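Below you'll find the structure, written out as structure tokens, and then a few comments.
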There are 2 protein chains.
Amino acid sequence: MSALAIKTPKGQQTRSNILETALGLFQERGYDQTTMRAIAAEAGVSLGNAYYYFASKEVLIQGFYERTHHEHLAACAPILETETDLQRRLLGVMRAKLETIEPYHRFAGVLFKTAADPSSPLNPFSDESRPVREEATNVFARVVEGSSAKISKRLGPELPHLLWTYHMGIILFWIHDTSPGRTNTVRLVEQTVALVARLIAMARLPMMRPLIGRALRLVSDLRASEGAGA
Amino acid sequence: MSALAIKTPKGQQTRSNILETALGLFQERGYDQTTMRAIAAEAGVSLGNAYYYFASKEVLIQGFYERTHHEHLAACAPILETETDLQRRLLGVMRAKLETIEPYHRFAGVLFKTAADPSSPLNPFSDESRPVREEATNVFARVVEGSSAKISKRLGPELPHLLWTYHMGIILFWIHDTSPGRTNTVRLVEQTVALVARLIAMARLPMMRPLIGRALRLVSDLRASEGAGA
DNA sequence: GTCTATAACCGGATAGAC
DNA sequence: GTCTATCCGGTTATAGAC
């Protein structure tokens, strides 16, 4: 259904040609204003041929995910290698994320629109996007592991997933953020990263035990039962 | 642009006829499987006539919102009138919500897909949906006011909005919940309502002051600057 | 001015020939 | 693997009828 195997080098060539053309046009004039006919024409292939490689206009978006994810990884590397303070590590990673996706904000609406559809393979909770999701979660695992912070034993294993969820919430906000340069989201990140760091520290207090225990049991239960959120 | 004034009784009649037909077909065969031509045919009017009353297929969804909102209000009334425990009030309201929207789960994905688009007037953060949003927030204000719980002075004014945001998060989870009868979401609500109640109580502790203060300042700043989330 | 109908247009998607 | 021809459904233009 989805990824048909492209055999020949020529096929590879045509495929990536179409993809690059599409991403360029999306960024230039937006998703809705870019027709499949325009993509095909600009790429120098027929409409039917474009559909041979990409089952729908939507799946072209997957290329966007892959591209920005790799850009984000690159942008994160310096902080993850040098910084040891947990709060600053998280802040660096989140800032890098916002900077990476900023050029695409104008068609972010469409992204979230498709991402919100539970039946779409593009939605971040779907089976199909598990690899991407796990790679992204892994970034947050590295944020925690590479830091000097002491983490509550029970919180530790869940923390990367919790941070990934937090990061999705920020992106949701970012999508709806109309402030110039998305400064509201930047402020939100700065403030909430501080809160998150504070909460992580507080989680070690004995008086927090019952609350934390309950919350963590819930979270891990939900992840175990799969198919719905987180 | 949007709401054209329908003057004659005959016009009113035709309009509501189309709307009821549409909602029926949506529930029966789903949103995507229901064409505007089918709606028009079933309602006994021409395609052009349907578009005279409803500018697009999407705006027919507004009827769904209004309908479920009123059903929810009705379903909440008993709890809001009798119960005084904050946690149980909130739980009752949230359960009522889930029960109200359950029949529509099969096409909820599409509904919220369009609702998620920042440029759509249907999205819950838009200016156009402010009235609905405020009405919904008001339900949570009543949850708090009618309870016997003591609320931190500074938390009080923000609490209804925070609860509304919480409720939106639950709905997002619900959309992606594939467990039979959405039992996962019900469990999530039961657990998180308990956590929320606990957090509200904790917010009065002196040691929480700086954390709470910081969080609340952030939240009210963001709402003041409008245009992005919450 | 209020309402209704017919005939396009446009763009995503598919069928099938080469 | 690539094309042309076509379908299909949301949307619009426009011509009239009450």
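Model, not experiment: these values are computed from the prediction. Below, chains carry the letters A, B, ... as their sequence lines are ordered, and counting in each starts from 1.
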- Run the numbers on R67(A) and E20(A) for salt bridge (Lys or Arg N to Asp or Glu O under 4.0 Å), then give the verdict. CA-CA 11 Å; R67(A) 181 187 269 192; E20(A) 288 306 309; 2.7 Å; yes
Q: Using the side-chain hydrogen bond (donor to acceptor under 3.5 Å, both in side chains) rule, collect all pairs that involve residues 134-143 of chain B, keeping only residues at least two apart or in two chains.
A: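 Checked against side-chain hydrogen bond (donor to acceptor under 3.5 Å, both in side chains) - neighbours excluded - the pairs reaching residues 134-143 of chain B are H69(B)-E135(B).
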Report the distance from atom [atom1] of [X] to atom [atom2] of [N], rounded to the nearest whole Å.
X	N	atom1	atom2	answer
K57(B)	dT12(D)	NZ	P	14 Å
D32(A)	dC10(C)	CG	C1'	13 Å
Y53(B)	dG10(D)	OH	P	20 Å
E58(B)	dG9(D)	CD	P	18 Å
M36(A)	dT14(C)	CE	C1'	12 Å
R15(A)	dT2(D)	CZ	C1'	17 Å
F54(B)	dT12(D)	CZ	C1'	18 Å

Any protein N or O atoms within reach of nucleotides 16-18 of chain D? Criterion: under 3.5 Å, listing atom names and distances.
none

Hey, does the side chain of [X] come within less than 4.0 Å of [N]'s phosphate (OP1/OP2), counting only N and O?
X	N	result
Y51(B)	dA5(C)	no
Y52(B)	dA5(C)	no
T14(B)	dT4(C)	yes

### Message
For the CD atom on E190(A), are there more than 12 heavy atoms of other groups (residues, nucleotides or ligands in this structure) within a distance under 6.0 Å?
### Response
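Buried by this count: over 12 neighbours within 6.0 Å.
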Contacts of type side-chain hydrogen bond (donor to acceptor under 3.5 Å, both in side chains), residue [X], not counting sequence neighbours:
X	value
E99(B)	none
Y31(B)	none
Y51(A)	none
E158(A)	R223(A)

Task: 5'-most by nearest nucleotide on DNA chain D - G11(A) or Y31(B) - done: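 Closest to the 5' end, via its nearest nucleotide, is G11(A).
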For [X], which residues count as a ring pair (Phe, Tyr, Trp, His ring centres under 6.0 Å) partner, sequence neighbours excluded?
X	value
F140(A)	H167(A)
H105(A)	W174(A)
Y104(B)	F64(B), F107(B)

Write out a two-atom table: protein N or O, nucleotide N or O from nucleotides 6-9 of chain C, distance below 3.5 Å.
none

### Task
Starting from the C-alpha separation in whole Å, work towards a yes-or-no answer on salt bridge (Lys or Arg N to Asp or Glu O under 4.0 Å) for E42(A) and R29(A).
CA-CA 13 Å; E42(A) 174 98 3; R29(A) 42 175 112 157; 5.0 Å; no
**Asked** With sequence neighbours excluded, what pairs up with R88(B) under the salt bridge (charged side-chain N to carboxylate O under 4.0 Å, His left out) test?
**Response**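 For R88(B), the residues satisfying salt bridge (charged side-chain N to carboxylate O under 4.0 Å, His left out) (neighbours in sequence not counted) are E83(B).
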For the helix from dG1(C)-dC18(D) to dC18(C)-dG1(D), how many degrees between its two end axes (five pairs per end), to the nearest 10°?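 The end axes of the helix from dG1(C)-dC18(D) to dC18(C)-dG1(D) are about 10° apart, to the nearest 10°.
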| said: So if I take every side-chain heavy atom of T35(A) and compare against dG11(C), dT2(D), dT2(C), which nucleotide ends up nearest? | reply: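 Closest nucleotide to the T35(A) side chain: dG11(C).
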